[in-house]
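Take a look at the structure set out below.
Atoms within each ligand, like the ligands themselves, are counted from 1 in listed order.
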Amino acid sequence: MKRTILIAGLGLIGGSIAKSLMLSQQNYVIGADVNQETLEYAQSNKIIHEACTFDEAVLMADYIILAAPISETIRLLAKLNNTSLTKEVIVSDVSSVKGTIMKAAGELTNERITFIGGHPMAGSHKKGIEAAKSHLFENAIYVLSPSYRSTPKKVEAMQELLMNTKSKFLILQPEEHDEMTGVVSHFPHLIASSLVHQAKKWQNKHPFLPNLAAGGFRDITRIASSNPELWQDIFYHNRTKLSRLLEEWITEMIDIKERIDNNEKTKIIDYLQMAKQYRDGIPEKEKGAIPAFYDLYVDITDQPGALASVVLLLANKNISIKNIEILEIREGITGVLRLSFYTQNTQEKGLEVLINHGYDAMIQD
Ligand SMILES: NC(=O)C1=CN([C@@H]2O[C@H](COP(=O)(O)OP(=O)(O)OC[C@H]3O[C@@H](n4cnc5c(N)ncnc54)[C@H](O)[C@@H]3O)[C@@H](O)[C@H]2O)C=CC1
Ligand SMILES: O=C(O)C(=O)Cc1ccc(O)cc1
């Protein structure tokens, strides 16, 4: 039986979900967005079946996925609550913070609405529908937070609906979700931005500084290139957890400063050793809030065409590359390429092809 799904907010995340829903003949996908250009893009690129206003579309939908910024999602939920719905509807969202959304869901009085909170835990530094991909959430964790009105059957229906995202579902309470994402996603984002600020300040004294920013700095600050408005909204909604994490971190940094000032060698080694051990034990193949992809590391020379040769070799074998990053390349010297693949299978195939052509390639750097 056909089901009608409304996606409200067709940006990076809403657009990606719409694209994955369009893979099933069972789904009729309606899109709504405050941005007319986005709607036109979605329609002309067949990312949705139909474009509609939110007010009209809610009357047709069996499922609604709210994929606008968090504060807008809360407003849309209140609007939906005040709508005379003609049929029962399962409503979900994609917000990076669950506490404030689930609080708003707890205040819903419209008995036709069943709310199940959602958070697909993968993304990009890009925003907008142009960056949307049907496979964005493949192998990523997709958190679901059932509200008081949802039954296991409805949660199952939600998972079935989202099947083509190929993500791994995980049921979490909003409180534990926000605490964990605070630690592994939101707080690291703040620190990444602060490191960039620090570098920017020091550049006043050393104009050459950015040229020294090697792979390590680029790796740790990658997420600072994300959408600032989105992250301000995330910080605001998870401010209590974030504030506590900041307080803990400041205390830890004061302690570390003392150890460095007093050259407490053993304690500093222990501190770094414990971090290394824990970091090395984090699963590589799981996509998390900071996604780990199927990566390959390849040594290349800094010669014209070196990058193109690697890409061509893989393209000739029909191996799609998700991302390419040049790590630690120095003029005239060997550099390292990080190639990210969509699946373990293509990662392994890529490794074989490159090794067979004499490249020094490996899965772990
Ligand atoms: N960007 C990321 O990496 C991730 C974001 N999220 C969550 O996804 C949500 C959306 O983020 P993105 O897709 O990255 O943002 P985006 O900026 O790419 O897209 C947001 C879309 O919502 C539309 N919009 C704004 N207000 C609206 C309203 N009242 N009604 C209908 N449409 C409206 C905008 O025009 C835009 O097309 C946020 O709540 C965020 O927390 C979740 C996982 C990852
Ligand atoms: O790309 C990264 O490192 C991310 O952290 C992506 C991301 C951003 C927001 C989320 O709610 C979930 C994942």
[atom] - nearest protein heavy atom and its distance:
atom	answer
atom 33 (C) of ligand 1	V34 CG2, 3.6 Å
atom 41 (O) of ligand 1	S96 OG, 2.7 Å
atom 10 (C) of ligand 1	A67 O, 3.4 Å
atom 7 (C) of ligand 1	V94 O, 3.3 Å
atom 26 (N) of ligand 1	E72 CG, 3.5 Å
atom 25 (C) of ligand 1	P69 CD, 3.5 Å
atom 36 (C) of ligand 1	D33 OD2, 3.6 Å
atom 22 (O) of ligand 1	G9 CA, 3.6 Å

Heavy-atom count around E111 CD within 6.0 Å, excluding the residue itself: above 12? no

In terms of the angle between their ring planes, are F187 and W249 parallel, tilted or perpendicular, with boundaries placed at 30° and 60°? perpendicular

Can a non-hydrogen atom of H119 be found less than 4.0 Å from any atom of ligand 1? yes

Touching ligand 1 at all, A122? Heavy atoms, strictly under 4.0 Å? yes

Atoms of ligand 1 close to S124 [distance to a heavy atom under 4.0 angstrom, numbered from 1]: 3 (O)

Per-atom contacts, ligand 1 versus N35 - under 4.0 Å to a heavy atom: 35 (O)

Ion pair [X]/[Y], N-O distance below 4.0 Å:
X	Y	answer
K79	D55	yes
R112	E88	no
E72	R75	yes

What atoms in ligand 2 come closer than 4.0 Å to a heavy atom of [X]?
X	answer
I223	2 (C), 3 (O)
W231	8 (C), 9 (C)
S96	9 (C), 10 (C), 11 (O)
H119	10 (C), 11 (O), 12 (C)

Quick one: look at [X] and ligand 1, take heavy-atom pairs under 4.0 Å, and tell me if it's side chain, backbone, both or neither.
X	result
A131	neither
L230	side chain
K127	both
S226	neither

Check: [Y] and [X] side chains under 4.5 Å, non-hydrogen atoms:
X	Y	value
I319	L313	no
T165	P120	no
Q203	F208	no
D219	R338	yes

Where does F137 meet ligand 2, judged by heavy-atom distances below 4.0 Å: at the side chain, the backbone, both, or neither? neither

Under 4.0 Å between heavy atoms, the region of H125 that gets near ligand 2 turns out to be neither

Could you measure the distance from the [atom1] atom of [X] to the [atom2] atom of [Y]? Nearest 0.5 Å is fine.
X	Y	atom1	atom2	value
S95	I234	OG	CD1	9.0 Å
L21	N27	CG	CG	5.0 Å
D295	L339	CG	CG	8.5 Å
L170	L172	CG	CG	4.0 Å

Answer yes or no: does an N/O atom from [X] fall short of 3.5 Å to an N/O atom of ligand 1?
X	value
I13	yes
I234	no
G128	yes
L76	no

Does the gap between the ring centers of Y142 and H119 come in under 6.0 Å? no

Full working for side chain to side chain donor-acceptor pair (under 3.5 Å) between Q273 and Y278: CA-CA 9 Å; Q273 180 63 34; Y278 185 73; over 6 Å; no

Looking at atom 15 (O) of ligand 1, would you say a protein heavy atom lies below 4.0 Å from it? no

Quickly, which of R3, H49, E50 forms a side chain to side chain donor-acceptor pair (under 3.5 Å) with Y28? Name it, please. E50

Tell me whether H189 reaches ligand 2 (any heavy atom closer than 4.0 angstrom to a ligand atom). no

